[in-house]
Amino acid sequence: MIRNFLTILDLDREQAHALVRRADEMKRARFTSDLLAGKTLVLVFEKASTRTRLSFEIAVRQLGGSTIFMTDRESQLGRSEPLKDTARVISRYADGLIVRTFGQEKLDELTRYAAIPVVNALSDQYHPCQVMSDCLTMFERTPDLAALTVAWVGDGNNMAHSFINAAVHFGFDLRLACPSGFEPQAAVLERARALGARVTLTADPAEAVRGADYVNTDVWASMGQEHEHHGRAKIFGPYQVSDELLRLARPGCKVMHCLPAHRGEELTEAVMEGPASIVWDQAENRLHMQKAILEWIYS
Ligand code: CP
Ligand code: NVA
């Protein structure tokens with residue numbers, strides 16, 4: 001059976017926990033192997049990337065495989081060849097597809113037509129590899145994830161959706177503070193709650209951050225929403241993660257951001273560079289989690 005990884009809910013609880021433990025082990029062991037020897041994975045990215053691209057390309061190499069990176073700009077995708085056709089062609093050459101795109105429905109369609117595993121490297125709706133890696137970043141400090149209070153401050157975006165899904169499996173108390181009109185999709189929240197996740201939603205950042213062990217934020221306008229940036233900046237001002245806001249959190253609370261960050265917008269320069277920030281560990285952990293995900297798919 002082909003294993004795809006399109007959302008965190010493609011994993012069951014056991015698998016999600018096993019991936020975090022395995023990535024932690026791989027990190028400590030500086031793990032390399034020949035699991036992917038003779039295999040080529042194709043990365044198809046319709047949006048920019050630094051971390052996701054590099055961590056996947058390096059992870060594949062550390063597992064003995066090779067990669068080809070392709071964007072819509074220099075391929076026929078940019079001239080309207082459908083993803084479903086591209087998926088069928090790549091399936092004839094390669095052993096896996098790692099895709100960064102817009103709508104989740106594009107990934108779903110591509111997966112229907114691909115004969116090889118497909119990994120979601122970020123869509124408008126989810127960023128599962130990032131959030132699994134963020135769970136590793138919390139786990140290595142505080143292994144009992146179910147005992148944690150995690151705040152999300154800002155846009156109810158792809159990252160927020162994946163944190164909501166992660167709350168299903170890891171059991172932390174997730175408190176989201178989003179401006180009115182920028183909440184996560186109701187269907188994502190309802191599904192997670194029906195599966196037992198402890199998730200609350202407020203418009204008040206102070207309420208979400210009070211007593212939190214981790215405070216997460218992300219850009220106010222995601223890729224594809226650049227034209228909304230100006231309008232959003234006016235609305236999102238009160239959601240900036242600052243030292244003042246962090247005084248409400250638990251002492252020793254850590255601040256997380258998937259990066260790239262906009263200092264002076266969703267978080268202050270002082271917070272980004274200060275002792276609470278664990279953003280560089282988050283970026284590093286992408287590599288270890290990608291290896292664990294690839295091992296889960298190809299073992
Ligand atoms: N966090 C993240 O996915 O970064 P990139 O957009 O650089 O891949
Ligand atoms: N929410 C951001 C995450 C970037 C890694 C975006 O989609 O642009």
Side-chain angles (χ1 to χ4, degrees), residues 5-8 23 41 43-60 67 69-73 97-107 119-138 152-166 176-179 182-185 188 214-233 235-236 239-241 255-263 265-267 272 277-291 293-294:
F5 186 51
L6 305 185
T7 89
I8 289 178
L41 275 67
L43 287 81
V44 177
F45 278 42
E46 296 191 306
K47 293 176 177 173
S49 173
T50 297
R51 283 146 287 268
T52 309
R53 174 188 178 173
L54 290 177
S55 58
F56 262 118
E57 293 216 46
I58 293 166
V60 171
T67 57
F69 180 78
M70 196 176 102
T71 76
D72 52 317
R73 287 180 295 285
L97 259 168
I98 299 172
V99 183
R100 173 167 283 199
T101 188
F102 292 87
Q104 188 75 9
E105 70 287 347
K106 288 178 83 173
L107 272 167
V119 174
N120 179 0
L122 180 147
S123 64
D124 288 345
Q125 200 169 9
Y126 297 114
H127 198 1
C129 300
Q130 174 74 51
V131 173
M132 284 303 293
S133 161
D134 292 343
C135 290
L136 166 64
T137 306
M138 295 190 288
W152 176 270
V153 181
D155 193 17
N157 62 12
N158 45 7
M159 282 291 299
H161 287 161
S162 284
F163 261 101
I164 292 168
N165 286 346
L176 301 117
C178 308
F182 298 91
E183 296 93 350
Q185 290 171 8
V188 174
Y214 292 92
V215 175
N216 264 279
T217 189
D218 188 14
V219 291
W220 291 341
S222 286
M223 288 181 278
Q225 299 170 333
E226 288 81 0
H227 58 287
E228 295 179 30
H229 182 266
H230 186 69
R232 283 176 175 241
I235 296 166
F236 279 76
Y239 294 79
Q240 183 182 70
V241 176
V255 172
M256 300 175 73
H257 191 309
C258 65
L259 305 180
H262 296 96
R263 292 164 164 90
E265 293 190 11
E266 70 270 11
L267 82 180
M272 174 93 179
S277 168
I278 54 172
V279 301
W280 313 118
D281 288 347
Q282 283 180 265
E284 175 187 339
N285 285 342
R286 299 298 308 277
L287 173 65
H288 310 298
M289 181 50 73
Q290 314 301 35
K291 285 197 280 190
I293 292 168
L294 291 167

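Both ligands and their constituent atoms are indexed starting at 1 by order of listing.
Looking only at heavy atoms of the protein, atom 6 (O) of ligand 1 is closest to Arg100 NH1, 2.8 Å. The closest protein non-hydrogen atom to atom 4 (O) of ligand 1 is Arg51 NE, 2.9 Å. In terms of protein heavy-atom proximity, atom 7 (O) of ligand 1 is closest to Thr50 N, 2.7 Å.
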Test log, rule side-chain hydrogen bond (donor to acceptor under 3.5 Å, both in side chains), inputs Asn158 and Gln125: CA-CA 4 Å; Asn158 45 7; Gln125 200 169 9; over 6 Å; no
Starting from the N and O atoms of ligand 2, collect every protein N/O partner closer than 3.5 Å and put each pair on its own line with the distance to 0.1 Å.
{"unit_1": "ligand 2", "atom_1": "1 (N)", "unit_2": "Asn157", "atom_2": "ND2", "d": "3.4"}
{"unit_1": "ligand 2", "atom_1": "1 (N)", "unit_2": "Asn158", "atom_2": "OD1", "d": "2.9"}
{"unit_1": "ligand 2", "atom_1": "1 (N)", "unit_2": "Asp218", "atom_2": "OD2", "d": "2.6"}
{"unit_1": "ligand 2", "atom_1": "1 (N)", "unit_2": "Ser222", "atom_2": "OG", "d": "2.7"}
{"unit_1": "ligand 2", "atom_1": "7 (O)", "unit_2": "Asn158", "atom_2": "ND2", "d": "2.8"}
{"unit_1": "ligand 2", "atom_1": "7 (O)", "unit_2": "Ser222", "atom_2": "OG", "d": "3.4"}
{"unit_1": "ligand 2", "atom_1": "8 (O)", "unit_2": "Met223", "atom_2": "N", "d": "2.8"}

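Proximity of Leu259 to ligand 1, defined as any heavy-atom pair under 4.0 Å, is confined to the backbone N, CA, C and O atoms. Residue His127 touches ligand 1 through its side chain alone, judged by heavy-atom distances below 4.0 Å.
The pair Asp72-Arg100 fails the salt-bridge criterion, with no side-chain N (NZ, NE, NH1 or NH2) lying under 4.0 Å from an Asp/Glu carboxylate O. Glu46 has a carboxylate O that lies under 4.0 Å from a charged side-chain N of Lys106, or vice versa, which qualifies the two as a salt bridge.
Between Cys258 and ligand 1, at least one N/O pair is under 3.5 Å apart.
Looking at Thr217, its side chain never comes within 3.5 Å of a backbone N or O of Gly154 through a donor-acceptor pair. With Ser133 contributing its side chain and Arg286 its backbone, the two residues share a donor-acceptor pair below 3.5 Å. Glu265 places no side-chain N or O within 3.5 Å of a backbone atom of Arg263 that could act as its donor or acceptor partner.
Not close to ligand 1: Lys47, with no non-hydrogen atom less than 4.0 angstrom away.
Per-residue contacts place Arg286 under 4.0 angstrom from the following atoms of ligand 1 (heavy atoms of the residue considered): 1 (N), 2 (C), 3 (O). Of all atoms in ligand 1, listed by their number and element, those nearer than 4.0 Å to a heavy atom of Gln130 are 1 (N), 2 (C), 3 (O).
A cation-pi geometry, defined here as NZ or CZ lying under 6.0 Å from the six-membered ring centre and within 45° of its normal, does not hold between Arg53 and Phe45.
Side-chain contact, Glu266 with His257: a donor N or O sits under 3.5 Å from an acceptor N or O.
Contact check for Phe236 versus Asp155: side-chain heavy atoms found under the 4.5 Å cut-off. Proximity of Tyr126 to Met159: side-chain heavy atoms (C-beta onward) are nowhere separated by under 4.5 Å.
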